[in-house]
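These notes concern the structure reproduced below.
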Amino acid sequence: MVADVEDETGSPAINRRLAPAAREQQIVERAIDHFATYGFAGSTRELAKQIGVTQPLLYRYFPSKEALVDRVYSEIYQWNPEWERLIADRSIPLRERLHSLYHDYAQVILRREWIRTFIFAGLTREGINTRYLDRLRERVFRPVMAELRLSNGFAEPATPEERESDMELIWSLHAGIFYIGMRQWVYGLPVPDDIDAHVGRLVDMFIAGAPTVLLRSSD
């Protein structure tokens with residue numbers, strides 16, 4: 001394979017001898033880095049220049065900027081169906097299930113490209129995060145709360161208000177994990193050296209505290 005060369009911007013130009021599939025993947029990887037750094041503003045001409053390709057070459061693989069953004073989105077926000085199976089596996093104690101779930105979940109989301117792209121998408125591209133958040137709500141939030149209620153002897157939520165309260169409880173756990181990435185990749189602040197241990201503490205706080213809140217709200 002021939003080494004990349006720099007284009008007139010100083011960025012490595014896409015290797016013209018790459019096979020089409022490899023060239024397409026290289027474009028995607030550089031687009032991921034670009035969007036995570038600068039967001040989604042700008043024209044396709046500017047985007048092509050930043051990632052080291054000509055605009056016609058970019059259009060050869062992606063007929064529009066939207067098509068490239070969709071590919072970047074699917075590349076970053078891959079879903080792990082094992083999360084759903086783990087939540088439902090009652091042969092494993094709930095605490096162990098949640099520790100395993102959120103250990104893996106944190107490894108997936110606490111990456112520069114995941115956090116920064118998600119923030120930029122939420123600010124500038126209405127609806128681009130909706131698919132992920134809807135899936136998270138239906139396939140993680142609701143099942144986890146159902147398992148938490150069951151393990152503590154609580155009935156399923158009977159009213160819209162109770163269902164909304166459940167969602168807010170589990171949002172607090174996810175927000176705590178997400179904010180680790182915000183501190184590191186957005187604010188440039190230090191984060192715990194042992195991320196796994198910190199996530200485990202957040203999960204334990206949720207497991208210990210949420211039932212108390214549920215009990216009080218049922219009075």
For the residue pair [X] and [Y], what are the closest heavy atoms and their distance?
X      : Y      : value
Leu94  : Leu148 : CD2-CA, 3.8 Å
Leu110 : Gly181 : CD2-N, 3.4 Å
Met145 : Leu169 : CE-CD1, 4.1 Å
Val72  : Ala31  : CG2-CB, 3.9 Å

Derivation and outcome, ring-ring contact (aromatic ring centres under 6.0 Å, His included), residues Phe118 and Trp185 = CA-CA 11 Å; Phe118 199 82; Trp185 301 118; over 10 Å; no

Does [X] reach the main-chain N or O of [Y] with its side chain, forming a donor-acceptor pair under 3.5 Å?
X      : Y      : value
Asp196 : His103 : no
Lys49  : Thr44  : no
Thr117 : Glu113 : yes
Glu24  : Ala21  : no
Glu96  : Ile92  : no

Would you kindly confirm whether [X] and [Y] end up in one hydrophobic cluster when ILVMFWY residues are joined by side chain heavy atoms under 4.5 Å apart?
X      : Y      : result
Val213 : Val144 : yes
Leu150 : Leu101 : no
Met182 : Ile180 : yes
Leu202 : Ile195 : yes
Tyr179 : Ile115 : yes

Counterpart residues, side chain to side chain contact (heavy atoms under 4.5 Å, CB included), relative to Glu66 (two or more places apart) |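 Only Ser64, Arg125 meet the side chain to side chain contact (heavy atoms under 4.5 Å, CB included) criterion with Glu66.
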
Less than 6.0 Å separating the ring centroids of [X] and [Y]?
X      : Y      : result
Phe35  : Phe40  : yes
Tyr102 : Phe206 : no
His174 : Phe178 : no

Rounded to the nearest 0.5 Å, how far does [atom2] of [Y] lie from [atom1] of [X]?
X      : Y      : atom1 : atom2 : result
Trp171 : Met167 : CH2   : CE    : 10.0 Å
Gln50  : His34  : CD    : NE2   : 6.0 Å
Phe141 : Ile87  : CZ    : CD1   : 10.5 Å
Ile109 : Ile76  : CD1   : CD1   : 13.0 Å
Ser100 : Leu86  : OG    : CG    : 5.5 Å
Asp33  : Glu29  : CG    : CD    : 10.0 Å

Given the rule in the side chain to side chain contact (heavy atoms under 4.5 Å, CB included) test, do Thr159 and Glu162 qualify, once you have shown the distances and angles that lead to the verdict?
-> CA-CA 5 Å; Thr159 66; Glu162 288 181 350; 3.3 Å; yes

For side chain to side chain contact (heavy atoms under 4.5 Å, CB included), just list the numbers for Arg23 and Leu57, CA-CA rounded to whole Å, side-chain angles, deciding distance to a tenth of an Å, and then say yes or no.
-> CA-CA 10 Å; Arg23 183 183 298 160; Leu57 180 62; 4.1 Å; yes

Taking the side chain as every heavy atom from C-beta outward, state whether [X] and [Y] have any atom pair closer than 4.5 Å.
X      : Y      : value
His99  : Asp204 : yes
Leu173 : Leu98  : no
Val199 : Tyr105 : no
Asp104 : Gln107 : yes
Val108 : Tyr77  : no

Arg135, CZ: over 12 other non-hydrogen atoms inside 6.0 angstrom =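 More than 12 heavy atoms, drawn from other residues, nucleotides or ligands, come within 6.0 Å of this atom.
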
Is it true that Arg85 and Glu82 have a side-chain N and a carboxylate O under 4.0 angstrom from each other?
-> yes

Apply side chain to side chain contact (heavy atoms under 4.5 Å, CB included) to the pair His198 and Ile177, showing each step before the final yes or no.
-> CA-CA 9 Å; His198 184 63; Ile177 297 171; over 6 Å; no

Could you list all the salt bridge (Lys or Arg N to Asp or Glu O under 4.0 Å) pairs where at least one residue sits in residues 163-185, not counting sequence neighbours?
->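 Every salt bridge (Lys or Arg N to Asp or Glu O under 4.0 Å) pair that includes a residue of residues 163-185, provided the two are not neighbours, is Arg149-Asp166.
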
Determine which pairs satisfy side chain to side chain donor-acceptor pair (under 3.5 Å) with at least one residue from residues 136-147, sequence neighbours left out, and list them in order.
-> Arg90-Glu147, Arg97-Glu147, Asp134-Arg137, Glu138-Arg142

State whether a side-chain donor-acceptor pair under 3.5 Å links Gln25 with Arg71.
->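 Indeed, the side chains of Gln25 and Arg71 share at least one donor-acceptor pair under 3.5 Å.
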
Any side-chain donor near an acceptor of the partner, Thr37 and Arg112, under 3.5 Å = yes

So is Arg131 actually on top of Tyr73's ring, under 6.0 Å and inside 45° of the axis?
-> yes

Look at the rings of Trp79 and Trp83 and say which category their plane angle falls in: under 30° parallel, 30 to 60° tilted, over 60° perpendicular.
-> perpendicular

Evaluate the side chain to side chain contact (heavy atoms under 4.5 Å, CB included) criterion for residues Leu215 and Asn152: first the C-alpha distance (whole Å), next the side-chain angles of each, then the deciding distance (0.1 Å), finally the verdict.
-> CA-CA 10 Å; Leu215 181 62; Asn152 286 277; over 6 Å; no

